[in-house]
Asker: 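My structure is below; once you've seen it, I'll send some questions.
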Amino acid sequence: MSSSSLLSVALEAAHAAGQLQRENLGSDLAVNEMLQYDIKLDLDVRCQTLITDIILKNFPDHAVLGEEGNAGNPDGTTQWIVDPIDGTVNFFYGIPHFCVSIGVKVNGELVAGVIYDPNQDETWAVEKGSAPTLNGKTIRTSSRTKISDAVVTCGFSKSEEAILASFERYKRISLAVKKTRMLGSAALALAYIACGRLDAYVEEQISEWDVAAGRLILEGAGGTFIEQPSRTHEGKMFIVATNGKIDMNPYL
Ligand code: IPD
Ligand code: CA
């Protein structure tokens, strides 16, 4: 099976879930779980079910690993890494900055990725070995090389230990850059670096579904993506993503 057939199913699924999100933005939303630093919506589950159905209708033997649970063949060598709504808190508060993120791995290697922002109707897409695109046009990261020119986004994750661990780093970064931003969607942060809107992104605790598609899009556009096991949460990752030119090391 070619990566372009994987990509076309990823696009179909991302657009279908994005449409459902557009229809529900601003409506009364059923909340499954209200946590101190996070919210789980029934719509997260509905979007993941919709995406899963489209994937498994096309590829019944594949595995689907999502923020809202797993489906399909757990031993499948092709895995779909799905974040049905990245930016759920934004969604709940009516802030139109969230997206669908779908990455595809074959034998452990990322081969395709789609990020869809239903608010701006923006689709980032990539197949391994080809240039990533935004609404069909090839993208590259920014050409900025100096930290003093950079706009850098930081995520503060969803736990007290991640928030506390991020404060000192945030201070160092804020003092060095042009501006910091905190936007609330990891996938869109990576997509924005890939197309030159942002220059770097750092987050203390992140999960694979947040970043799988964005990583492939970013690396194909000339960026770098570094992950390490999180020092504050077993099973999560500490990540640093850049435009490939700015050195974030002195500020981490
Ligand atoms: C979250 C967003 C947020 C990031 C969190 C993620 P969710 O994903 O990407 O920007 O700071 O670490 O968990 O819960 O909205 O899918
Ligand atoms: Ca997410």
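Atoms within each ligand, like the ligands themselves, are counted from 1 in listed order.
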Asker: Would you name the N/O/S atom of Asp83 that lies closest to the Ca ion (ligand 2)?
Answerer: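 The atom in question is OD2.
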
Asker: Looking at atom 1 (C) of ligand 1, what's its closest protein heavy atom, distance included?
Answerer: Asp86 OD1, 3.8 Å

Asker: So, Lys158 and Glu204, do they make that salt bridge, N to O below 4.0 Å?
Answerer: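 Judged by the 4.0 Å cut-off on N to carboxylate O distance, Lys158 and Glu204 do not form a salt bridge.
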
Asker: So which protein heavy atom does atom 3 (C) of ligand 1 come closest to, and at what separation?
Answerer: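 Among all protein heavy atoms, the one nearest atom 3 (C) of ligand 1 is Gly184 O, 3.6 Å.
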
Asker: For the side-chain contact (heavy atoms from CB on, under 4.5 Å) test, which of Asn90, Leu183, Asn119 pairs with Ile95?
Answerer: Asn90

Asker: Just which atoms of ligand 1 are under 4.0 Å from any heavy atom in Ile85?
Answerer: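 Those of ligand 1 that fall under 4.0 Å from Ile85 are 16 (O).
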
Asker: Does an N or O anywhere in Tyr201 fall below 3.5 Å from an N or O of ligand 1?
Answerer: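 Not met; the criterion fails.
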
Asker: Before accepting this row, confirm whether a basic side-chain N of the pair Asp199/Arg144 lies closer than 4.0 Å to the acidic partner's carboxylate O.
Answerer: yes

Asker: Relative to the heavy atoms of Asp83, which atoms of ligand 1 are at a distance of less than 4.0 Å?
Answerer: 16 (O)

Asker: Take Leu65 and Trp80, measure what side chain to side chain contact (heavy atoms under 4.5 Å, CB included) needs, and give me the verdict at the end.
Answerer: CA-CA 6 Å; Leu65 312 178; Trp80 294 70; over 6 Å; no

Asker: Looking at Glu67, which atoms of ligand 1 are within less than 4.0 Å of one of its heavy atoms?
Answerer: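 In order of numbering, the contacting atoms are 14 (O), 16 (O).
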
Asker: Of all N/O/S atoms in Asp210, which lies nearest to the Ca ion (ligand 2)?
Answerer: OD1

Asker: For atom 15 (O) of ligand 1, what's the nearest protein heavy atom and its distance?
Answerer: Gly87 N, 2.7 Å

Asker: To check your reading of the model: name the closest protein heavy atom to atom 6 (C) of ligand 1, its residue, and the distance in Å.
Answerer: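 I find the closest protein heavy atom is Asp210 OD1, 3.8 Å.
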
Asker: Is any N or O atom of Ala186, backbone or side chain, closer than 3.5 Å to an N or O atom of ligand 1?
Answerer: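 Yes; at least one N/O pair falls below 3.5 Å.
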
Asker: Quick one: do Glu12 and Lys57 make a salt bridge, cutoff under 4.0 Å?
Answerer: yes

Asker: Record the part of Asn90 in heavy-atom contact with ligand 1 below 4.0 Å; permitted values are side chain, backbone, both and neither.
Answerer: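 Neither; nothing of Asn90 gets under 4.0 Å from ligand 1.
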
Asker: For a side chain to side chain donor-acceptor pair (under 3.5 Å) with Glu161, tell me which candidate from Gln205, Arg231, His233 qualifies.
Answerer: Gln205

Asker: Taking only Lys NZ, Arg NE, NH1 and NH2, and the carboxylate oxygens of Asp or Glu, determine whether Glu109 and Lys105 approach each other closer than 4.0 Å.
Answerer: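 Looking at Glu109 and Lys105, the cut-off is not met.
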
Asker: Can you figure out which of Lys158, Glu68, Glu204, His97 has its heavy atom closest to atom 13 (O) of ligand 1?
Answerer: Lys158

Asker: Does Asp44 have a non-hydrogen atom less than 4.0 Å from ligand 1?
Answerer: no

Asker: For atom 5 (C) of ligand 1, find the nearest protein heavy atom and state the residue, atom name and distance (0.1 Å precision).
Answerer: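 Atom 5 (C) of ligand 1 sits closest to the protein heavy atom Glu203 OE2, 3.5 Å.
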
Asker: What atoms of ligand 1 come within less than 4.0 Å of a heavy atom belonging to Gln205?
Answerer: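 Under 4.0 Å from Gln205, ligand 1 has these atoms: 12 (O).
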
Asker: Parallel, tilted or perpendicular for Phe156 and Tyr170, by the 30°/60° rule?
Answerer: perpendicular

Asker: Does the structure place the NZ or CZ of Arg172 under 6.0 Å from the centre of the six-membered ring of Tyr251, at an angle of no more than 45° from the ring's axis?
Answerer: no

Asker: May I ask you to check whether Thr138 and Thr133 show a side-chain donor-acceptor distance below 3.5 Å?
Answerer: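 No donor-acceptor contact under 3.5 Å links the two side chains.
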
Asker: For Asp86, what is the atom name of its N, O or S atom nearest to the Ca ion (ligand 2)?
Answerer: OD1

